[in-house]
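Before any comments, here is the structure.
As the structure lists them, so they are numbered: ligands from 1, and atoms in each ligand from 1. Model, not experiment: these values are computed from the prediction.
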Amino acid sequence: MTSTDIAESTTTGVHVSGLTKSFKSPQGPVHAVRGIDLRIDVGETVALLGPNGAGKSTTIDMVLGLTKPDAGRIELFGRAPADAIAAGSVGGMLQVGGVIPDLNVRELLDMMASLYPNPLGVTEVVELCRIDDLVGRKTTKLSGGQTQRLRFAIALIANPDLLILDEPTVAMDVEARRQFWTTMRQFATRGKTVIFATHYLEEADEYADRIILMARGSVVADGPATEIKAHVGLRTIRATLPGADVAALATLPGVTNVDTRGEAVILNCSDSDTALRALLPAYPTARDIEVTGAGLEEAFLQLTGDETEEAA
Ligand SMILES: Nc1ncnc2c1ncn2[C@@H]1O[C@H](COP(=O)(O)OP(=O)(O)OP(=O)(O)O)[C@@H](O)[C@H]1O
Ligand SMILES: [Mg+2]
């Protein structure tokens, strides 16, 4: 290794180039991942966001060495994935898969810890993941959300430098979800690199330094949440306004698009302050007015396009 290789390997955690994967299906090939390039720095927390079938899990499975790419290269901390994984540098939490039965939670964690060179202590992981109440329970007797918490603990036990989580909060209730993200952030502040796949726009917005938006096997946007939001209208005004004239509303200053849901109107705005100032005098009967920010949902829908194009 030359000194430049070393310099690169200390800053680049995940380097993916030209990554491609198709699956056979009776209807012909499914192009799950169509040649993606990514560079994720050590210490970054990145959300992989995208609709069903975007290729998130396929990408994650290839990075974890579970699916063989048709083409492309993957390096984790400057090493081949198999080497990084064997060294315990990678912890994964997959979208599917169970936990080993016939063991209780502590026994399973002890066993997993014994597989790695520098594991975290089981007690530390139990504390971090707040599963003290579960340690004596059989792994098969856990609820869906409890199983998710255990799987998170298993992903952490190797004390990995890279944590890859595929829809980690599925099946968790609001409280478990909040605790999960607190733990994830705590772990990330130890200089860890984290990649998580999610459908939850708020989660990506709130917990990731950067969002990689995937659709139909490609990366359609990559940047901080604020940058992705800037692609489209920034705020939405909702109001109850029976019998509203949609065409007239669309001409209000600051309004880019108008939609209706029953008696409610939804105004997408490039400038919601201006739009609201114009709306109220023109429509004094408007009520239940809400202005919401976080236009990520909008950005998501616009950037990922019409999902009915999927088959093409
Ligand atoms: N083993 C497989 N055999 C055939 N097709 C597959 C296989 N795995 C994935 N696919 C297809 O590849 C595409 C991408 O799937 P993938 O699971 O990567 O999407 P995803 O972004 O993780 O979606 P979700 O949000 O639903 O988890 C989909 O069209 C899916 O049907
Ligand atoms: Mg998936």
Side-chain angles (χ1 to χ4, degrees), residues 14 16-38 40 45-74 76 81 85 90-99 144-145 147-149 151-152 154-155 162-172 177 180-181 184 194-208 210-223 225 228 296-312:
V14 179
V16 165
S17 51
L19 195 64
T20 305
K21 180 72 188 181
S22 297
F23 294 104
K24 291 199 183 76
S25 87
Q27 292 76 38
V30 177
H31 301 289
V33 176
R34 303 172 190 245
I36 64 173
D37 304 303
L38 295 173
I40 296 172
T45 297
V46 172
L48 214 50
L49 183 65
N52 290 136
K56 305 180 297 293
S57 295
T58 307
T59 301
I60 282 176
D61 290 353
M62 287 191 281
V63 172
L64 287 172
L66 300 170
T67 297
K68 196 173 162 335
D70 296 337
R73 268 171 69 88
I74 302 171
L76 306 179
I85 290 161
V90 185
M93 186 170 166
L94 300 180
Q95 192 170 9
V96 291
V99 286
T147 304
Q148 283 296 88
R149 279 148 72 187
R151 294 170 71 209
F152 183 42
I154 292 170
L162 171 64
L163 196 55
I164 303 185
L165 311 163
D166 196 350
E167 302 199 26
T169 61
V170 163
M172 288 186 191
R177 211 168 260 202
F180 169 85
W181 289 115
M184 197 283 284
V194 181
I195 302 175
F196 66 90
T198 184
H199 296 132
Y200 298 107
L201 311 175
E202 326 75 61
E203 287 190 347
D205 193 7
E206 195 163 347
Y207 302 109
R210 168 178 162 200
I211 295 177
I212 295 172
L213 192 57
M214 287 189 74
R216 296 183 290 277
S218 302
V219 172
V220 294
D222 182 349
I228 288 179
L296 198 51
E297 179 97 35
E298 288 296 311
F300 182 69
L301 291 173
Q302 289 207 14
L303 288 165
T304 58
D306 180 4
E307 280 315 294
T308 56
E309 288 167 23
E310 165 95 18

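- Between Phe180 and Phe152, the two ring planes are tilted [angle within 30° to 60°].
- With a 4.5 Å cut-off on side-chain heavy atoms, Arg210 and Asp222 count as touching.
- Residue Lys21 places every heavy atom at 4.0 Å or more from ligand 1.
- You'll find the side chain of Phe196 reaches within 4.5 Å of the side chain of Thr45, heavy atoms only.
- Contacts of Asn52 with ligand 1, taken as heavy-atom pairs under 4.0 Å, involve both backbone and side chain.
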Q: Walk me through it: do Leu94 and Leu66 pass the test side chain to side chain contact (heavy atoms under 4.5 Å, CB included)?
A: CA-CA 10 Å; Leu94 300 180; Leu66 300 170; 3.6 Å; yes
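- His199 NE2 to Thr169 OG1: the interatomic distance, rounded to the nearest 0.5 Å, is 10.5 Å.
- The heavy atom nearest to atom 14 (C) of ligand 1, out of those in Gly50, Gly53, Ser22, Pro29, is found in Gly53.
- A 4.5 Å side-chain heavy-atom check between Ser22 and Asp70 finds at least one atom pair inside the cut-off.
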(Q) Applying side chain to side chain contact (heavy atoms under 4.5 Å, CB included) to Thr20 and His31, what does each step give before you reach the verdict? (A) CA-CA 8 Å; Thr20 305; His31 301 289; over 6 Å; no
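- Listed by number with element, the atoms of ligand 1 under 4.0 Å from a non-hydrogen atom of Thr58 are 14 (C), 15 (O), 16 (P), 18 (O).
- Heavy-atom separations between Gly55 and ligand 1 include at least one value shorter than 4.0 Å.
- Met214 does not count as a contact of ligand 1, since none of its heavy atoms falls under 4.0 Å from the ligand.
- Using a 4.5 Å heavy-atom threshold, the side chains of Thr58 and Phe23 count as touching.
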Q) So Val16 and Met62, side chain to side chain contact (heavy atoms under 4.5 Å, CB included) or not? Walk me through it. A) CA-CA 10 Å; Val16 165; Met62 287 191 281; over 6 Å; no
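- Protein N/O/S atoms closer than 2.8 Å to the Mg ion (ligand 2): Ser57 OG, Gln95 OE1.
- When only interatomic distances are considered, the shortest N/O to N/O separation between Lys24 and ligand 1 does not fall below 3.5 Å.
- Annotation for ligand 1: atoms under 4.0 Å from non-hydrogen atoms of Ala54 are 19 (O), 20 (P), 21 (O).
- In this structure, NZ in Lys68 is found 15.0 Å from CG in Asp61, a value given to the nearest 0.5 Å.
- A side chain to side chain contact (heavy atoms under 4.5 Å, CB included) with Ile212 is found for one member of Thr59, Val220, Ile36, Leu38 and no other, namely Leu38.
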Q: Could you walk me through whether Glu203 and Leu49 pass the side chain to side chain contact (heavy atoms under 4.5 Å, CB included) test, one step at a time?
A: CA-CA 10 Å; Glu203 287 190 347; Leu49 183 65; over 6 Å; no
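- For ligand 1, the atoms sitting less than 4.0 Å from at least one non-hydrogen atom of Ser57 are 17 (O), 18 (O), 20 (P), 22 (O), 27 (O), numbered in the order shown with element in parentheses.
- Close approach of ligand 1 to Glu167 is summarised as follows: ligand atoms under 4.0 Å from at least one heavy atom of the residue are 24 (P), 25 (O), 27 (O).
- Within ligand 1, counting atoms from 1 as listed, the ones closer than 4.0 Å to a heavy atom of Val30 are 11 (C), 12 (O), 29 (O).
- Considering backbone and side-chain atoms together, Thr59 places no N or O closer than 3.5 Å to any N or O of ligand 1.
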